[in-house]
There are 2 protein chains.
Amino acid sequence: MKILLVDDEYDILEFLSYNLKKEGFVVKTANNGKLAVDIAQRFKPDLIILDVMMPEMDGISTCSEIREIPSLSDVLILFLTARAEEYSELAGFAAGADDYVTKPIKPKLLISRIKALLKRTSNKSQQKVINIGDLHIDIDKYELMFKNNKIHLAKKEFNLLYYLMTVPGKVFLREDIITNIWGEAHVGDRTLDVHIRKIREKIGENYIKTVKGVGYKFDI
Amino acid sequence: MKILLVDDEYDILEFLSYNLKKEGFVVKTANNGKLAVDIAQRFKPDLIILDVMMPEMDGISTCSEIREIPSLSDVLILFLTARAEEYSELAGFAAGADDYVTKPIKPKLLISRIKALLKRTSNKSQQKVINIGDLHIDIDKYELMFKNNKIHLAKKEFNLLYYLMTVPGKVFLREDIITNIWGEAHVGDRTLDVHIRKIREKIGENYIKTVKGVGYKFDI
DNA sequence: AATAATATTTAACAATTTCTTAACATAACA
DNA sequence: TGTTATGTTAAGAAATTGTTAAATATTATT
């Protein structure tokens with residue numbers, strides 16, 4: 001796991017860097033926001049630890065800027081903040097922070113928070129194979145099996161079904177599905193329905209359920 | 001969810017108001033800061049959208065003033081700002097803003113930011129599953145179970161029952177129920193009763209009780 | 001590069017569900 | 001007993017999703 005550490009104080013960089021490396025993380029450091037953005041793009045860290053208070057470009061601006069970069073859009077960001085600066089908490093989350101740790105920093109606490117953070121997200125996204133009923137979906141192989149028979153799904157169909165299967169039973173809102181599968185691109189009103197139809201043709205009508213006025217869910 | 005929109009340009013008020021209402025928000029508008037503070041105190045919005053640049057009393061002053069008023073101290077505030085005025089970002093957060101959106105405004109983006117903002121703050125106490133007696137309601141699944149059998153409810157019915165179940169025993173005023181489920185749309189006098197009837201048909205007559213002259217409550 | 005094969009989106013219309021209304025009935029209350 | 005608020009029902013309006021086929025895009029193949 002790779003971590004990029006950003007703080008203007010050299011002592012803190014040293015101190016944290018030492019503690020994180022001891023835990024087995026690969027660590028790089030930057031002493032200002034601009035540099036951090038540069039390094040991040042090449043280093044591709046799993047997590048960026050950002051000090052909120054920095055001269056020139058503060059943590060929140062840095063965070064916002066990072067979130068604008070597509071290749072870094074889902075890197076985790078953790079803020080370090082002095083206890084007094086409570087105002088920044090919401091601003092930070094608004095800018096896309098994933099967690100907060102207040103100074104003074106206790107290494108043990110920080111590390112447990114980091115691990116929790118990495119676990120939380122890796123658990124979600126690392127579910128590469130999902131088995132439900134007679135269905136078996138594998139994101140790495142881009143393959144769907146139904147009662148041990150391969151079923152071919154086109155890319156969009158696959159992504160859509162996989163998305164619904166990530167949380168069986170949960171209703172995904174139409175708009176959320178569209179944002180997730182199509183991004184911000186504008187797609188017509190009936191496009192989603194057509195894809196649902198195609199999937200239903202292939203796996204039967206029983207798995208994907210419509211919740212009118214809300215969205216769709218995958219359920220047995 | 002109630003939103004107060006503050007901008008000195010009538011066109012923008014119109015445009016945003018239309019888009020927000022379409023999303024189901026209850027919207028009021030003000031064309032200057034002073035008026036905004038007045039309206040906010042009576043309207044009690046969940047969110048105030050403030051244009052930074054306004055004659056007389058600008059957005060930041062308005063924001064500061066609102067934050068001084070105890071009854072409004074935890075209303076969310078979102079700033080609209082022209083891309084050029086980057087200077088204002090820090091000033092805005094210092095004054096108590098919760099988020100920023102830059103002009104020109106893309107309605108979809110604005111709405112997703114608003115939702116994110118409202119979600120972050122309201123999610124904390126939002127109960128997703130409620131168990132009472134033989135009833136089990138799950139908002140994520142949009143599902144109602146009665147003695148372990150699924151019962152289908154249409155969206156309005158579901159929302160209505162869920163709303164009543166959030167505080168069992170509490171009498172919800174007719175008008176509050178209507179504002180909550182329908183927003184500010186004008187619905188006829190008997191519409192609520194009809195929905196109550198439909199729910200009672202499905203879960204029996206014992207759960208939802210009428211308090212004449214006041215409203216309804218969910219109780220065992 | 002041209003062609004064929006797939007995939008994706010759109011558009012038109014159908015089918016279905018949900019919601020609201022209106023008219024009248026009934027119950028509560030003063 | 002009259003007044004007011006809520007209950008009930010059924011009809012049709014409105015909203016949402018389903019379905020199909022054709023139009024575009026995209027990708028693979030010769």
Side-chain angles (χ1 to χ4, degrees), chain A residues 142-144 150-164 171-219, chain B residues 18 21-24 139 142-144 150-164 171-219:
Chain A
Y142 247 83
E143 195 177 84
L144 174 71
K150 260 188 216 174
I151 291 190
H152 173 79
L153 293 180
K155 192 163 52 177
K156 280 261 152 63
E157 293 163 17
F158 187 93
N159 290 338
L160 177 50
L161 178 59
Y162 181 80
Y163 181 54
L164 295 178
V171 180
F172 292 88
L173 308 185
R174 274 185 92 84
E175 42 177 335
D176 284 353
I177 296 174
I178 289 173
T179 325
N180 236 280
I181 308 293
W182 282 270
E184 291 288 324
H186 298 293
V187 284
D189 248 8
R190 301 267 60 73
T191 305
L192 172 55
D193 309 47
V194 173
H195 284 272
I196 292 282
R197 168 100 300 273
K198 297 256 168 85
I199 298 173
R200 282 174 172 161
E201 272 167 13
K202 291 173 183 175
I203 67 171
E205 311 290 318
N206 301 323
Y207 287 105
I208 297 178
K209 279 155 196 162
T210 306
V211 181
K212 231 179 175 188
V214 188
Y216 294 95
K217 65 173 164 180
F218 181 94
D219 214 345
Chain B
Y18 168 77
K21 280 179 181 165
K22 214 170 58 183
E23 284 295 315
I139 194 133
Y142 247 84
E143 194 176 84
L144 174 71
K150 269 185 209 174
I151 292 192
H152 175 80
L153 294 180
K155 186 167 70 163
K156 282 258 153 63
E157 294 163 19
F158 186 93
N159 291 152
L160 177 51
L161 178 59
Y162 180 80
Y163 180 56
L164 295 178
V171 182
F172 291 88
L173 308 185
R174 274 185 92 85
E175 42 176 335
D176 284 354
I177 296 174
I178 289 173
T179 323
N180 237 280
I181 307 293
W182 279 269
E184 237 176 36
H186 297 295
V187 284
D189 244 9
R190 302 267 60 72
T191 304
L192 172 56
D193 308 49
V194 173
H195 282 275
I196 293 282
R197 167 100 300 271
K198 297 250 170 91
I199 298 173
R200 283 174 171 161
E201 271 168 15
K202 291 174 183 175
I203 67 171
E205 311 290 319
N206 301 324
Y207 288 105
I208 296 178
K209 279 152 196 163
T210 306
V211 181
K212 207 169 173 169
V214 188
Y216 294 95
K217 68 171 170 176
F218 182 94
D219 217 340

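Residue numbers begin at 1 in each chain, while the letters A, B, ... track the order of the sequences. The structure displayed is predicted, hence computed values, not measured ones.
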Rounded to whole Å, CD1 of B:Ile178 lies from P of C:dC19 at a distance of 15 Å

Between the CD1 atom in A:Ile178 and the CG atom in A:Leu160, the distance rounded to the nearest 0.5 Å is 10.0 Å

Any donor-acceptor pair under 3.5 Å linking the side chain of B:Lys156 with the backbone of B:Ile181? no

* Using the ring of each side chain (for Trp, its six-membered ring), is B:Tyr207 parallel, tilted or perpendicular to B:Phe218, with breaks at 30° and 60°? -> parallel

In B/S/- notation (B base, S sugar-phosphate only, - none; protein heavy atoms under 4.0 Å), nucleotides 25-30 of chain C written 5' to 3' is --BB--

Winner on side-chain proximity to B:Glu201, out of D:dT9, D:dT17, D:dG7, is D:dT9

Using a cut-off of strictly less than 4.0 Å, decide whether B:Thr210 has a side-chain nitrogen or oxygen near OP1 or OP2 of D:dG7.
yes

Query raised in the report: Does D:dT17 have OP1 or OP2 sitting under 4.0 Å from an N or O in the side chain of A:Arg174?
Result: yes

With a sphere of 6.0 Å drawn around OH of B:Tyr18, does it hold more than 12 non-hydrogen atoms of other residues, nucleotides or ligands? no

Minimum side-chain heavy-atom gap B:Val187-B:Leu192 below 4.5 Å: no

Separation of D:dT4 atom P from B:Arg190 atom CZ, nearest Å, is 14 Å

Query raised in the report: Should B:Arg197 be listed as having a side-chain N or O under 4.0 Å from OP1 or OP2 of D:dT8?
Result: yes

Separation of C:dA11 atom P from A:Leu192 atom CG, nearest Å, is 16 Å

Atom NZ of B:Lys209 and atom P of D:dG7 are separated, to the nearest Å, by 14 Å

Test your reading of the model: is there a side-chain donor-acceptor pair from A:Lys202 to the backbone of A:His152, 3.5 Å cut-off? yes

_Students often get this wrong, so: under 4.0 angstrom with heavy atoms, is B:Tyr216 touching a base, only sugar-phosphate, or nothing?_
sugar-phosphate

note: A:Ile196, atom CD1; C:dT16, atom P; distance rounded to Å ~ 19 Å

| request: May I ask you to verify if any side-chain N or O of B:Arg200 is less than 4.0 angstrom from the OP1 or OP2 atom of D:dG7? | output: yes

Rounded to whole Å, the CD1-P distance (A:Ile199 to C:dT9) equals 12 Å

With the side chain defined as heavy atoms from C-beta on, A:Val187 is closest, among C:dT9, D:dG18, D:dT8, to C:dT9

Worksheet entry | Whether over 12 other heavy atoms sit under 6.0 Å from B:Glu175 CD | no

Kindly give the atom pairs (protein nitrogen or oxygen, nucleotide nitrogen or oxygen) under 3.5 Å for nucleotides 5-8 of chain C.
| unit_1 | atom_1 | unit_2 | atom_2 | d |
| --- | --- | --- | --- | --- |
| C:dA7 | OP1 | A:His152 | NE2 | 2.6 |
| C:dT8 | OP1 | A:Lys156 | N | 3.2 |

Taking 4.0 angstrom as the limit, do A:Arg174 and A:Asp193 come out as a salt bridge? yes

note: A:Asp193, atom CG; C:dA14, atom P; distance rounded to Å ~ 17 Å

B:Glu175 CD to D:dA5 C1', in whole Å, measures 15 Å

### Query
Can you check whether B:Thr191 reaches B:Trp182 side chain to side chain, under 4.5 Å on heavy atoms?
yes

